[in-house]
Amino acid sequence: VELRAPIRNVHRAVGAQIAGRIAKRHGHAGLPEDTITLRFIGTAGQSFGAWAAAGLTLALTGEANDMAGKGLSGGKIVIRPEDAGTAETPAQAIAGNVLLYGATCGEAYLAGAVGERFAIRNSGACAVVEGAGDHACEYMTGGRVVVLGRTGVNFAAGMSGGIAYVFDDDGLFDTRCNLEMVDLEPVTQEGDKRELRGLVERHARLTGSPRARAMLADWERCLPRFLKVLPIEYRKALGLMLPDDAATAREEVQHG
């Protein structure tokens, strides 16, 4: 099922009722990917795609207000600007603050920059954005986050799980990251390389992002500029597991 409609900033929590119906009938497992696709153009109000369940895809051409993807529960959110610009221009602001607050699983791809406290308390969703404000990944406990542009300060404060990959374009990300609970390291492990490239490829395919496409076209030069943000305690927990158990844990974190 695919529906198309205009959207305005007075339309709040779009998709929440459909997500509730999916959960009531099918539980947390939801429906197969893209069973229901809702396409919008315009400016979405607060909490766009809140609690989106598995099988529900919300695609927006335009921009979204605060709290988009709040409580994301297996669904997919794709936001792209009407004018995508070029890879060389600074990432356009495309969504507000506190996106993916409390997300448990699902995916979000935003072809632009977002506001403060992105992916706060994310416990299992995968997300790709092209810039983020202060306090991104605060209290994150699981999932994957990729930032293809600059972040604000206090990145990863209280982050105890999951992994983030950040493109360190100016070599100063360590001064903007809160290093109390995380380590920074280059992306050198083959599994990490595959995961990161796969997320960037999916972002490019779903959003048409010029930035992502340019990076993929020059991947050998771009890859060394990414930093992996890994919580110290999460590293210790993986280190205590047998190799097969650790791989299973990573898979469960990534896919909820």
Side-chain angles (χ1 to χ4, degrees), residues 7-16 40-52 58-72 75-85 89-104 106-123 125-141 143-159 162 164-170 172-173 175-178 182 199 203 206-207 209 211-212 229:
I7 194 169
R8 295 172 53 210
N9 60 6
V10 296
H11 300 138
R12 301 180 180 179
V14 170
F40 302 95
I41 184 168
T43 300
Q46 291 187 355
S47 301
F48 176 76
W51 306 292
L58 295 102
L60 170 63
T61 299
E63 56 193 5
N65 274 277
D66 297 345
M67 303 295 288
K70 174 175 63 177
L72 186 68
K76 183 167 60 185
I77 296 174
V78 179
I79 304 178
R80 55 182 296 175
E82 294 186 50
D83 179 9
T89 59
Q92 173 183 336
I94 199 171
N97 302 309
V98 203
L99 276 61
L100 299 183
Y101 174 81
T104 60
E107 302 172 86
Y109 302 93
L110 290 84
V114 300
E116 296 186 355
R117 288 192 159 85
F118 175 71
I120 179 175
R121 298 192 184 279
N122 174 31
S123 63
C126 292
V128 182
V129 295
E130 300 184 2
D134 298 343
H135 317 295
C137 297
E138 188 177 32
Y139 304 124
M140 182 167 146
T141 61
R144 298 292 187 271
V145 166
V146 178
V147 184
L148 302 181
R150 192 166 300 185
T151 74
V153 299
N154 205 34
F155 190 97
M159 179 179 173
Y165 301 100
V166 178
F167 188 68
D168 188 14
D169 62 337
D170 61 358
L172 296 174
F173 175 66
T175 67
R176 297 190 292 271
C177 185
N178 187 319
V182 301
L199 287 168
H203 178 72
L206 292 173
T207 69
S209 164
R211 182 180 298 265
V229 183

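All heavy atoms count here, side chains included; hydrogens, waters and symmetry mates do not.
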Margin query: Just so I know, are the side chains of K76 and L206 near enough to count as touching, which here means a heavy-atom distance under 4.5 Å?
Written below: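 Of all side-chain heavy-atom pairs linking L206 with K76, at least one is under 4.5 Å.
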Notebook entry, point to check: Any side-chain heavy-atom pair from C177 and V182 closer than 4.5 angstrom?
Noted result: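 A side-chain contact exists here, since the closest heavy-atom pair is under 4.5 Å.
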Note to self: What verdict does the side-chain contact (heavy atoms from CB on, under 4.5 Å) test give for N154 and D134, after you've listed the backbone C-alpha separation in whole Å, the side-chain angles of each residue and the deciding distance to 0.1 Å?
What the structure shows: CA-CA 6 Å; N154 205 34; D134 298 343; 5.5 Å; no
Which atom of [X] lies closest to which atom of [Y], heavy atoms considered:
{"X": "A44", "Y": "N65", "result": "O-ND2, 2.8 Å"}
{"X": "P81", "Y": "T61", "result": "O-CG2, 4.1 Å"}
{"X": "G42", "Y": "L60", "result": "O-CD1, 3.7 Å"}
{"X": "T207", "Y": "I79", "result": "CG2-O, 4.3 Å"}
{"X": "L72", "Y": "G49", "result": "CD1-O, 4.3 Å"}
{"X": "V147", "Y": "R150", "result": "CG1-O, 4.5 Å"}

Taking [X] for its side chain and [Y] for its backbone only, find out whether a donor-acceptor pair lies under 3.5 Å.
{"X": "S209", "Y": "A212", "value": "yes"}
{"X": "S123", "Y": "A103", "value": "yes"}
{"X": "N97", "Y": "E116", "value": "yes"}

Check: Does R176 count as lying over the ring of F155, i.e. NZ or CZ under 6.0 Å from the six-ring centre, within 45 degrees of the axis?
Finding: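 Verdict for F155: no cation-pi partner in R176.
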Item checked: F173, CZ: over 12 other non-hydrogen atoms inside 6.0 angstrom ->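 Count over threshold, so yes.
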Within this structure, what is the [atom1]-[atom2] distance for the pair [X] and [Y], rounded to the nearest 0.5 Å?
{"X": "I94", "Y": "L99", "atom1": "CD1", "atom2": "CG", "answer": "10.5 Å"}
{"X": "I41", "Y": "E82", "atom1": "CD1", "atom2": "CD", "answer": "4.5 Å"}
{"X": "R12", "Y": "D66", "atom1": "CZ", "atom2": "CG", "answer": "10.5 Å"}
{"X": "L110", "Y": "L100", "atom1": "CG", "atom2": "CG", "answer": "7.5 Å"}
{"X": "L148", "Y": "F167", "atom1": "CG", "atom2": "CZ", "answer": "8.5 Å"}
{"X": "M159", "Y": "Y139", "atom1": "CE", "atom2": "OH", "answer": "14.0 Å"}

Item checked: side chain to side chain contact (heavy atoms under 4.5 Å, CB included) partner of F48, the single match among T43, I7, N9 ->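 Option passing the side chain to side chain contact (heavy atoms under 4.5 Å, CB included) with F48: I7.
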Check: Between H203 and E130, is a side-chain contact (heavy atoms from CB on, under 4.5 Å) present by the stated rule, with each step listed?
Finding: CA-CA 10 Å; H203 178 72; E130 300 184 2; 2.8 Å; yes
